[in-house]
Amino acid sequence: MSNSLYSFAEIEPKWQKYWEKNKTFKTKIDKSKPKYYILDMFPYPSGNGLHVGHPEGYTASDIVSRYKRMKGFNVLHPMGFDAFGLPAETYAIQTGTHPKITTENNIKNFTRQLKMFGFSYDWDRKINTTDPKYYKWTQWIFLQLYKKGLVYEKETPVWWCEGLKSVLANEEVVNGKSERGDYPVKRVMLKQWMLKITKYADRLLEGLDKLDWPESVKEMQRNWIGRSEGAEVIFSVDQREEKIKVFTTRSDTLFGATYMVLAPEHPLVEKITTDEYKEEVENYKKQAMTKSDLVRTELEKDKTGIFTGGYAINPVNNQKIPIWISDYVLWGYGTGAIMAVPAHDQRDYEFAKKFEIKIIQVINGGDIDKESYEGDGIHINSGFLNDLNKEDAISKMNSWLEENNYGKAQVNYKLRDWLFSRQRYWGEPIPLYKDEAGKIYPMKESELPLKLPETEKYKPAGAGKSPLANIREWVEFEDNDGKKYFRETHTMPQWAGSNWYYLRYISPDSESRLVDENDEKYWMPVDFYIGGAEHAVLHLLYARFWHKVLFDIGAVSTDEPFQKLLNQGLILGTDGEKMSKSRRNVVNPDDVIKEFGADSLRIYEMFMGPIERPKPWSTKGLGGSHRFLNRIWRLYIADNGELNPNIKDEKSSEEFEKEFHKTVKIVGEHIEETRFNTAISQMMVFVNTGYKENILNREMMTKFIQLVSPFAPHIAEELWEKMGIAENLTYSSWPVYNKLKLVEDTIEYPVMINGKMRSKVVVNADDDNDKIKEIVLNDSRIQKFIEGKKIFKFLVIPKKIVTVVIK
RNA sequence: GGAUCUGUGGUGGAAUUGGUAUACACGCCACACUCAAAAUGUGGUGUCAAUAGACAUCUGAGUUCAAAUCUCAGCAGAUCCA
């Protein structure tokens with residue numbers, strides 16, 4: 001159906017080979033040029049190959065790369081693979097194929113596909129996170145974190161699925177069952193490695209202000225970090241030594257605290273529970289362990305809880321208040337305990353109503369018989385806070401707490417430390433080991449990389465244990481001192497490799513450092529980073545965290561890694577739904593390239609709509625983009641294969657020349673603004689105009705090829721060659737437009753009367769307002785409307801519109 | 001429930017950031033080429049009315065000489081968070 005006039009099937013491989021052979025995109029430091037580092041989020045090389053969503057962002061970054069080269073920048077534009085991950089391991093468990101082999105094959109396939117698009121990557125810088133030469137440095141960074149005291153071990157629950165004999169991630173657990181196989185899952189307590197990202201919370205928050213990122217992504221990160229100012233309050237436990245610390249943003253409501261709630265996992269629960277309640281509490285704890293945090297904190301859900309039999313003392317009035325446990329309080333969030341003020345918190349209110357706990361109103365307002373009141377107001381029933389408003393009451397209470405050693409003002413973060421252990425085989429081994437007494441030792445940097453051992457058993461070794469635990473000869477070793485040591489068997493999460501890959505591209509072969517010092521200073525920061533919005537929080541936050549640590553130890557010279565960020569929108573199926581195998585609406589780029597060529601696919605994906613918006617696929621629309629390339633081709637090449645005889649050294653018409661300069665202006669500006677769809681539509685206008693012209697000035701037509709080249713590089717190279725130009729297109733200078741050509745001698749003004757468009761008048765560009773008014777009032781159409789009416793206002797908005805108000 | 005974003009022809013989307021609403025493309029219609037079709041080229045295409053004109057940017061109000069654009073209220077959808 002794609003009746004092509006130009007043979008993309010020959011042209012595209014021809015130029016891809018040419019670029020590869022000539023190393024056209026090889027990048028070196030060149031201090032005579034400004035640098036530009038433009039980065040794609042590197043893909044996980046899945047067995048399915050590329051989908052049409054990948055090339056959307058990659059084409060956008062390729063257009064900018066090619067444009068910047070022509071603008072005289074030294075451009076670094078690399079690609080690599082984030083190749084550790086679950087699918088290869090699952091496949092290994094099923095088939096016995098080593099993940100290394102699967103990964104190698106997939107990378108080959110991905111590379112083949114990426115090359116078919118003609119992306120201008122410097123392939124000599126390709127990286128692969130599973131290469132020991134690469135993960136040596138991932139492990140090295142981990143050791144630096146360890147040395148800085150940012151690594152610690154903590155007992156935390158993980159999801160264990162007996163049916164799958166595997167530990168599952170939160171996302172893999174749906175309604176207390178495994179997403180795959182629907183087996184029950186349970187919480188298992190396990191010692192795991194944590195990274196103290198919370199230590200960097202403030203800097204991660206402040207750093208956002210300087211970044212040229214979408215506001216939505218910055219906002220998401222701010223919410224994720226979740227800084228809140230409040231107070232720590234210390235409650236003592238009735239008849240016991242222990243204290244309970246809570247964090248609250250509403251210390252002013254302390255007089256209304258009528259009970260406390262501990263997370264079921266809170267270690268104090270066991271101590272304070274009286275014999276009478278022991279059994280119930282134990283049962284409740286077991287139940288809570290099966291629920292995910294998401295389910296537990298759902299607002300609408302029915303509140304559950306159990307009284308422990310213990311009491312705490314409210315420090316402000318020495319009242320005994322009951323201590324409950326409930327799953328709506330999470331362990332690992334804040335202090336795992338809350339003071340409950342049912343009168344002024346909705347969840348506490350529902351809880352208190354259900355279990356008939358006392359509700360004391362301490363702020364005037366609302367109707368406490370019906371619902372909690374969370375607004376501001378005058379404090380009542382609050383001793384020394386009475387008559388104060390919220391703000392004043394908070395500050396007075398915080399001073400009181402501090403003076404009396406019952407707490408202090410405190411900043412709290414929603415951000416939690418980063419759980420860094422995975423009970424998997426296909427990940428970076430953690431370079432730590434323990435002796436028989438359990439003492440932890442970091443490996444020496446000179447011993448890195450700690451390679452993954454070969455094995456044929458990829459299944460986990462048992463509840464919460466990694467497959468590596470099966471390989472005794474790897475785990476146990478004797479050091480020179482003759483003592484026995486045990487390696488850590490957990491591996492790093494997939495984020496680890498992707499956390500710093502942008503640095504490795506800068507000097508992929510450096511053996512002495514993770515990134516060469518001089519090269520790093522030249523290339524960093526990444527000027528422009530393009531990728532999916534799904535990484536708005538985790539990847540982009542973790543990478544910023546590591547980067548700041550590297551900055552602190554002097555390994556990098558910038559405080560932030562990614563200056564500008566763009567999220568491309570999802571490409572949906574023709575049905576407007578997310579592409580998925582089960583919906584059978586997946587479009588395969590291999591098929592598209594076979595039928596229409598890579599240039600057509602590139603142009604189409606850029607022309608679909610604004611890059612950052614989600615948009616549905618249209619096969620017809622793709623045909624239109626292909627037709628556009630054919631029209632370009634025919635504008636240059638006649639049916640006999642020779643150059644179009646209209647292309648000559650004579651001057652083109654005034655109009656066509658004007659359109660050309662306008663096109664140069666718009667295409668350049670719109671690339672800078674990443675508005676590729678409108679850049680393309682302007683090129684279409686130029687081509688449409690060109691079809692009506694008899695004289696296509698050779699110089700203009702040459703420059704137009706340059707405008708096309710970032711978008712459709714193959715056809716551009718071919719036409720460039722057919723025009724007989726020897727200069728290297730990739731490094732030719734981007735055309736400059738002549739401003740004077742765009743200045744009009746005359747201006748056509750639309751004339752509005754009482755807000756309605758009534759006529760148009762043409763005036764000379766240098767006519768003053770009086771002259772314009774004269775022309776307008778003499779216009780016959782205008783006269784018809786203003787006849788017998790009084791002119792109230794007469795406005796000329798320069799170069800825009802004339803507006804008349806009559807009555 | 002919260003945060004952020006979006007809402008324009010039959011469809012994807014433009015609109016110089018408050019100034020002629022619907023650029024460009026898809027689809028559809030007509031004409032040319034053709035024995036015919038495809039491809040290609042040219043023209044038309046918001047709705048009602050057919051000279052004029054009236055009405056149209058999710059709904060309703062407001063600001064303004066002028067609103068798709070700004071403000072408020074509501075409705076619908078998307079993403080993230082709870």
Side-chain angles (χ1 to χ4, degrees), chain A residues 1-5 214-226 292-301 328 330 333 346-347 374 414 532-538 567 569-572 574 576-578 603-610 612-628 630-631 633-634 639 662-663 665-666 669-670 673 675-689 691-692 742 748-761 781 784-785 791-807:
Chain A
M1 74 167 270
S2 69
N3 210 318
S4 266
L5 283 154
E215 213 36 60
S216 60
V217 175
K218 290 205 230 178
E219 201 52 35
M220 271 188 232
Q221 292 216 349
R222 286 192 192 107
N223 290 340
W224 190 267
I225 295 167
S292 76
D293 291 358
L294 220 77
V295 172
R296 283 172 56 165
T297 51
E298 194 109 31
L299 269 175
E300 292 79 25
K301 95 172 171 111
Y328 79 92
L330 301 177
Y333 182 71
Q346 192 207 332
R347 272 187 238 188
E374 302 190 5
K414 223 167 86 187
E534 67 273 22
H535 296 116
V537 187
L538 299 179
N567 291 134
L570 224 52
I571 293 183
L572 308 169
T574 46
E577 298 288 328
K578 217 176 202 167
I603 289 272
Y604 173 60
E605 290 207 4
M606 294 301 100
F607 185 61
M608 287 171 91
E612 61 282 340
R613 279 229 287 263
K615 37 208 174 280
W617 184 267
S618 151
T619 311
K620 291 264 173 64
L622 173 64
S625 296
H626 183 63
R627 199 172 301 158
F628 169 56
N630 270 322
R631 274 170 74 78
W633 183 261
R634 257 179 286 116
D639 290 344
K662 191 176 159 193
T663 305
K665 180 175 194 279
I666 288 183
E669 286 177 359
H670 287 204
E673 293 162 18
R675 297 164 60 202
F676 307 108
N677 55 329
T678 47
I680 292 170
S681 74
Q682 182 55 40
M683 292 193 282
M684 287 173 170
V685 171
F686 177 81
V687 170
N688 291 347
T689 316
Y691 266 73
K692 288 163 198 146
L742 296 175
E748 191 186 52
Y749 275 104
V751 181
M752 274 169 99
I753 295 174
N754 286 358
K756 297 238 160 88
M757 230 283 290
R758 293 303 184 187
S759 183
K760 284 178 188 173
V761 295
R781 285 164 53 90
K784 230 170 58 187
F785 282 97
I791 295 178
F792 251 61
K793 250 182 203 176
F794 190 93
L795 292 170
V796 178
I797 315 298
K799 290 184 182 163
K800 292 203 166 138
I801 202 164
V802 173
T803 180
V804 187
V805 185
I806 55 171
K807 221 172 184 177

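For B:A39, there is no paired base (Watson-Crick or G-U wobble, both distances below 3.5 Å). A 3.5 Å limit on both hydrogen-bonding distances identifies no Watson-Crick or G-U partner for B:U20. The partner of B:G27 is B:U45, judged by Watson-Crick or G-U wobble contacts that both fall below 3.5 Å. With both pairing distances under 3.5 Å, B:G62 is matched to B:C70 as a Watson-Crick or G-U wobble pair. Pairing of B:A56, defined by two Watson-Crick or G-U wobble distances under 3.5 Å, is not identified with any nucleotide. Pairing partner, B:A15: none, since no Watson-Crick or wobble contact has both distances short of 3.5 Å. Using the Watson-Crick or G-U wobble rule with both distances under 3.5 Å, B:U51 pairs with nothing in any strand shown. Using N1 to N3 plus N6-O4 or O6-N4 for Watson-Crick, or N1-O2 and O6-N3 for G-U wobble, each under 3.5 Å, B:A76 pairs with B:U6.
In this structure A:H670 satisfies the side-chain hydrogen bond (donor to acceptor under 3.5 Å, both in side chains) test together with A:T678, sequence neighbours excluded. The ring pair (Phe, Tyr, Trp, His ring centres under 6.0 Å) check on A:Y604 picks up A:W617, with sequence neighbours excluded. Scored by the ring pair (Phe, Tyr, Trp, His ring centres under 6.0 Å) test, A:W224 finds no partners at all (sequence neighbours excluded). Residues that satisfy the salt bridge (Lys or Arg N to Asp or Glu O under 4.0 Å) test with A:E534, not counting sequence neighbours, are absent from this structure. Every side-chain hydrogen bond (donor to acceptor under 3.5 Å, both in side chains) that A:K665 has, sequence neighbours left out, goes to A:E669. Applying the side-chain hydrogen bond (donor to acceptor under 3.5 Å, both in side chains) rule to A:S216 yields no partners; only residues at least two apart in sequence or on another chain are considered. In terms of the side-chain hydrogen bond (donor to acceptor under 3.5 Å, both in side chains) criterion, residue partners of A:R631 (sequence neighbours excluded) are, by chain and number, A:N688.
Within residues 794-801 of chain A, the residues approached by RNA chain B to less than 4.0 Å at the level of any non-hydrogen atom are A:L795, A:I797, A:K800, A:I801, in residue-number order.
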* Could you write nucleotides 46-57 of chain B as a row of B, S and -, 5' to 3', where a protein heavy atom under 4.0 Å of any base atom gives B, of only sugar-phosphate atoms gives S, and otherwise -? -> --------SS--
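Closest contact between the side chain of A:W224 and the listed nucleotides B:C81, B:C24, B:G27 involves B:C81.
Remark: the separation of the P atoms in B:C5 and B:G44 is 40 Å, to the nearest Å. Comparing B:C81 with B:C65, their P atoms are spaced 47 Å from each other, to the whole Å. Rounded to a whole angstrom, the distance from the P atom of B:G27 to that of B:C33 is 23 Å. Distance check on atom P: B:G9 versus B:G60 gives 15 Å, rounded to whole Å. For the P atom pair drawn from B:A67 and B:U20, the interatomic distance equals 11 Å after rounding to whole Å. B:A56 and B:C48: their P atoms are spaced 15 Å apart (whole Å). Rounded to whole Å, the separation between the P atoms of B:U45 and B:U22 comes to 11 Å. Here the separation of B:U16 from B:A21, taken at their C1' atoms, is 14 Å to the nearest Å.
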Close N/O contacts between protein and nucleotides 10-14 of chain B (under 3.5 Å):
| unit_1 | atom_1 | unit_2 | atom_2 | d |
| --- | --- | --- | --- | --- |
| B:G12 | O2' | A:M608 | O | 2.7 |
| B:A14 | OP1 | A:N677 | ND2 | 3.0 |

Please tabulate the protein-to-nucleotide N/O contacts below 3.5 Å involving nucleotides 41-44 of chain B, giving atom names and distances.
| unit_1 | atom_1 | unit_2 | atom_2 | d |
| --- | --- | --- | --- | --- |
| B:G41 | OP1 | A:R631 | NH1 | 2.6 |
| B:G41 | OP1 | A:R634 | NH1 | 3.1 |

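Note that OG of A:S618 is 7.5 Å distant from CE of A:M608, once rounded to the nearest 0.5 Å. Interatomic distance, A:I603 CD1 to A:R627 CZ, rounded to the nearest 0.5 Å: 14.5 Å. Note that CG of A:L795 and CE of A:M752 are 11.0 Å apart. Values are rounded to the nearest 0.5 Å. Between the CD atom in A:Q221 and the CG atom in A:L538 there is a gap of 9.5 Å [rounded to 0.5 Å].
Ion pairing of A:E605 with A:K615 is absent here, as no side-chain N (NZ or NE/NH1/NH2) approaches a carboxylate O to less than 4.0 Å.
A:S618 comes within contact range of no nucleotide atom at all, as no heavy-atom separation falls under 4.0 Å.
Sparse packing is recorded around CZ of A:F792, with 12 or fewer heavy atoms of other residues, nucleotides or ligands lying under 6.0 Å away.
Pairs passing the side-chain hydrogen bond (donor to acceptor under 3.5 Å, both in side chains) check and including a residue from residues 797-806 of chain A, sequence neighbours excluded, do not occur.
Look at B:G9: its glycosidic torsion is within 90° of 0, and that puts it in the syn range.
A:V217 and A:A536 get closest at one heavy-atom pair: CG1-O, 3.7 Å.
Residue A:K793 places at least one side-chain N or O under 4.0 Å from the OP1 or OP2 atom of B:C65.
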